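Notes for the one structure printed next.
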Amino acid sequence: MVKVITYGTYDLLHYGHIRLLERAKALGDYLIVGVTAENFDRARGKINVQQSLMERIDAVRATGLADEIIVEEYEGQKIDDIKRYNVDIFTVGSDWVGKFDYLNEYCKVVYLERTQGVSSSELRSEKREVRLGIVGESFLANKIIHESSFVNGLSISRIYTTDRFFLSESIASSDIITENYDDLLENCDAVYILSHPSEHFSLIKKALINKKHVLCESPIAINIKDWQTLSKIAEEEQCVLMDGIKTAYSLAYYHLILLVKSGRIGDIVSIDATCTSMEDLNKRKSEKLDTAWNSLCSWGPIALLPVFQLLGTEYKHKFMTSRLMDGREDFDEFTNVSFVYEHAVANIKVGKAVKSEGELIISGTKGYIYVPAPWWKTDYFELRFENPADNKRYFYQLEGEGLRYELVSFLKSIENRKSFSYIEQSISCAVIKLIEDFYNKKELMLI
């Protein structure tokens, strides 16, 4: 029996895929098809996959061509699979000519001509392009524009801002800049809002009423009532309303969360997350709120993310301590929040006028996870145990700090009319509730 193996993503399975599988099948007596897992696709930069792993496996199975289907999950697996299944022929499309010659040491390598004029990328790009408008004053706008170029089916149509200082020179001088919000809404299908949190409610409400999908840099609102109102409008207008916390989409962070939930460090007992940055706040005293984010709004959603994702939002008690800027009751230079859960505790420190080690430590009954500064955009973390010989280090590619994957999730949510956000609504609500308590000075001690 001649065994043949081939691999692919098989997203939006089409005639070209089927022809390739037919020719692979004809090379031998038994065809093994490896379907790449989402995480492996992400690790190698393939971020616009539209279908889940199970949907893609089912599509391959439905062709009736595969005698066996396996999942490709890691670099180097092809050699392992060839040995494990006693494969005689490895085959793949001709666009990979030369790439897999090293496998000739283990079996025969055959490159098959692809069917011209059809590909999953072309099918994805044929969908109506979503025009994205960017709203607000933030250096992040430059990154969004750059990262959107990696996302098929998404283009930047307008930037609404009253201050071009935050934009790169080439962008600031482009014709997509507008100082009229209505002009932006008329020329986009969705908006990414970067403005000050105090402006989020009015900007989001107007966008949703105009049937525009919204991705908003967290927090979406600064009080629960506004958040509930916006959520209701989004549901009525059938629009996507999504939190923007790019850390949630970072490959290293995403894998870290899965690792902790798998029980590798036992039961979680403590989480400590620190996010700080130094900023000349003296010049902010005379400025409007629309240019200055306080510490809790700037860093709170990020620092709270691992706490709420791993321990949940139903804590028993919280204690909040802040140091305010002179003359600004709404602006914290530093805030510490401690949470008490049924069987665990958590502590976050955020600051824009205080510098500390921006690390994340998750302590468990078997071991702990250490993420060095700046943990919110890391490509590396460590799993540590009592016996150092058992420690393990994890490295992942850091591409766009998670922003491009956040944009992909937003686009998929728009196309499928269901949420692909990595941030649950309960977490959005809990973040906003804590920020509302700060503004209302509820359970807040000042230092």
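This one's a predicted model, so the numbers in the text were calculated from it and none came from an experiment.
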[X]/[Y] ion pair, N-O < 4.0 Å:
{"X": "Glu22", "Y": "Lys25", "result": "no"}
{"X": "Lys211", "Y": "Glu237", "result": "yes"}
{"X": "Asp81", "Y": "Lys78", "result": "no"}

Test your reading of the model: is there a side-chain donor-acceptor pair from [X] to the backbone of [Y], 3.5 Å cut-off?
{"X": "Lys355", "Y": "Ser277", "value": "no"}
{"X": "Thr178", "Y": "Tyr160", "value": "no"}
{"X": "Ser338", "Y": "Asn347", "value": "no"}
{"X": "Asn391", "Y": "Phe385", "value": "yes"}
{"X": "Ser138", "Y": "Leu140", "value": "yes"}
{"X": "His255", "Y": "Ala252", "value": "no"}
{"X": "Asp243", "Y": "Ile423", "value": "no"}
{"X": "Arg23", "Y": "Glu113", "value": "yes"}
{"X": "Thr91", "Y": "Val110", "value": "yes"}
{"X": "Arg164", "Y": "Thr161", "value": "no"}

Exercise. For Pro219 and Cys297, which heavy atoms make the closest approach, and how far apart are they?
Worked result: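 So the two residues come closest at CD-O, 3.9 Å.
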
Problem set entry | Non-hydrogen atoms of Gly153 and Leu411 that approach each other most closely |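 Nearest heavy atoms, Gly153 then Leu411: O-CD1, 3.9 Å.
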
Strictly by modelled atom types, are [X] and [Y] linked by a side-chain donor-acceptor pair under 3.5 Å?
{"X": "Glu129", "Y": "Ser155", "value": "yes"}
{"X": "Ser270", "Y": "Asp272", "value": "yes"}
{"X": "Tyr315", "Y": "Glu342", "value": "no"}
{"X": "Tyr253", "Y": "Glu401", "value": "no"}

Any side-chain heavy atom of [X] sitting closer than 4.5 Å to one from [Y]?
{"X": "Ile268", "Y": "Leu311", "result": "yes"}
{"X": "Val135", "Y": "Leu184", "result": "yes"}
{"X": "Ile432", "Y": "Ile222", "result": "no"}
{"X": "Pro306", "Y": "Leu360", "result": "yes"}

Exercise. Would Tyr254 and Tyr249 count as a close aromatic pair, with their ring centres under 6.0 Å?
Worked result: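 For Tyr254 and Tyr249, the ring centres are not under 6.0 Å apart.
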
Exercise. What about the rings of Phe100 and Tyr7, do their centers lie closer together than 6.0 Å?
Worked result: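 No; Tyr7 has its ring centre 6.0 Å or more from that of Phe100.
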
For this session: Answer yes or no on whether Arg56 is positioned over the face of Tyr10, meaning its NZ or CZ is under 6.0 Å from the six-membered ring centre and within 45° of the axis.
Result: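 Ring-cation test returns no.
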
For this session: Answer yes or no for Lys3 and Tyr30: cation-pi contact, defined as NZ/CZ to six-membered ring centre under 6.0 Å and angle to ring axis within 45°.
Result: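 Yes - Lys3 lies over the ring of Tyr30, closer than 6.0 Å to its centre and within 45° of its axis.
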
Exercise. Can you tell which of Leu132, Leu154, Leu215, Val240 makes a side chain to side chain contact (heavy atoms under 4.5 Å, CB included) with Ile414?
Worked result: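 That would be Val240.
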
Exercise. Excluding sequence neighbours, so at least two apart, what forms ring-ring contact (aromatic ring centres under 6.0 Å, His included) with His200?
Worked result: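 ring-ring contact (aromatic ring centres under 6.0 Å, His included) check on His200 returns Trp293.
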
For this session: Test Gln309 against Tyr422 for side-chain hydrogen bond (donor to acceptor under 3.5 Å, both in side chains), laying out the working first.
Result: CA-CA 10 Å; Gln309 285 187 323; Tyr422 286 16; over 6 Å; no

For this session: Quick one: do Phe308 and Phe339 satisfy ring-ring contact (aromatic ring centres under 6.0 Å, His included)? Show the steps, please.
Result: CA-CA 10 Å; Phe308 290 154; Phe339 299 92; 5.8 Å; yes

Exercise. Can Val33 and Ile70 be said to form a side chain to side chain contact (heavy atoms under 4.5 Å, CB included), step by step?
Worked result: CA-CA 6 Å; Val33 178; Ile70 61 176; over 6 Å; no

Exercise answer: donor-acceptor pairs, residues 224-231 side-chain atoms, under 3.5 Å, sequence neighbours excluded:
| from | atom 1 | to | atom 2 | distance (Å) |
| --- | --- | --- | --- | --- |
| Asp226 | OD2 | Asn223 | ND2 | 3.0 |
| Thr229 | OG1 | Lys225 | O | 3.0 |
| Ser231 | OG | Trp227 | O | 2.9 |

Exercise. Could you walk me through whether Tyr368 and Arg384 pass the side-chain hydrogen bond (donor to acceptor under 3.5 Å, both in side chains) check?
Worked result: CA-CA 5 Å; Tyr368 71 98; Arg384 295 178 176 177; 3.1 Å; yes

Problem set entry | Criterion side chain to side chain contact (heavy atoms under 4.5 Å, CB included) on Ile193 and Glu217, from CA distance to verdict | CA-CA 6 Å; Ile193 294 179; Glu217 197 67 10; over 6 Å; no

For this session: Before giving the answer on side chain to side chain contact (heavy atoms under 4.5 Å, CB included), spell out for Val307 and Tyr341 the whole-Å C-alpha distance, their side-chain angles and the decisive distance to 0.1 Å.
Result: CA-CA 11 Å; Val307 175; Tyr341 287 82; 3.6 Å; yes

Exercise. Which is it for Phe150 and Val408 under the side chain to side chain contact (heavy atoms under 4.5 Å, CB included) test, yes or no, and what are the steps along the way?
Worked result: CA-CA 9 Å; Phe150 295 96; Val408 168; over 6 Å; no

Exercise. Can you list the steps and then say if Lys108 with Asp88 is a salt bridge (Lys or Arg N to Asp or Glu O under 4.0 Å)?
Worked result: CA-CA 6 Å; Lys108 182 179 179 181; Asp88 301 289; over 6 Å; no

For this session: Could you tell me which residues satisfy side chain to side chain donor-acceptor pair (under 3.5 Å) with Thr313, sequence neighbours excluded, listed by chain and number?
Result: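 Partners of Thr313 by the side chain to side chain donor-acceptor pair (under 3.5 Å) criterion come out as none, since no residue qualifies.
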
Problem set entry | Ser413 and Ser419: CA distance, side-chain angles, deciding distance, side-chain hydrogen bond (donor to acceptor under 3.5 Å, both in side chains) verdict | CA-CA 5 Å; Ser413 298; Ser419 177; 4.8 Å; no

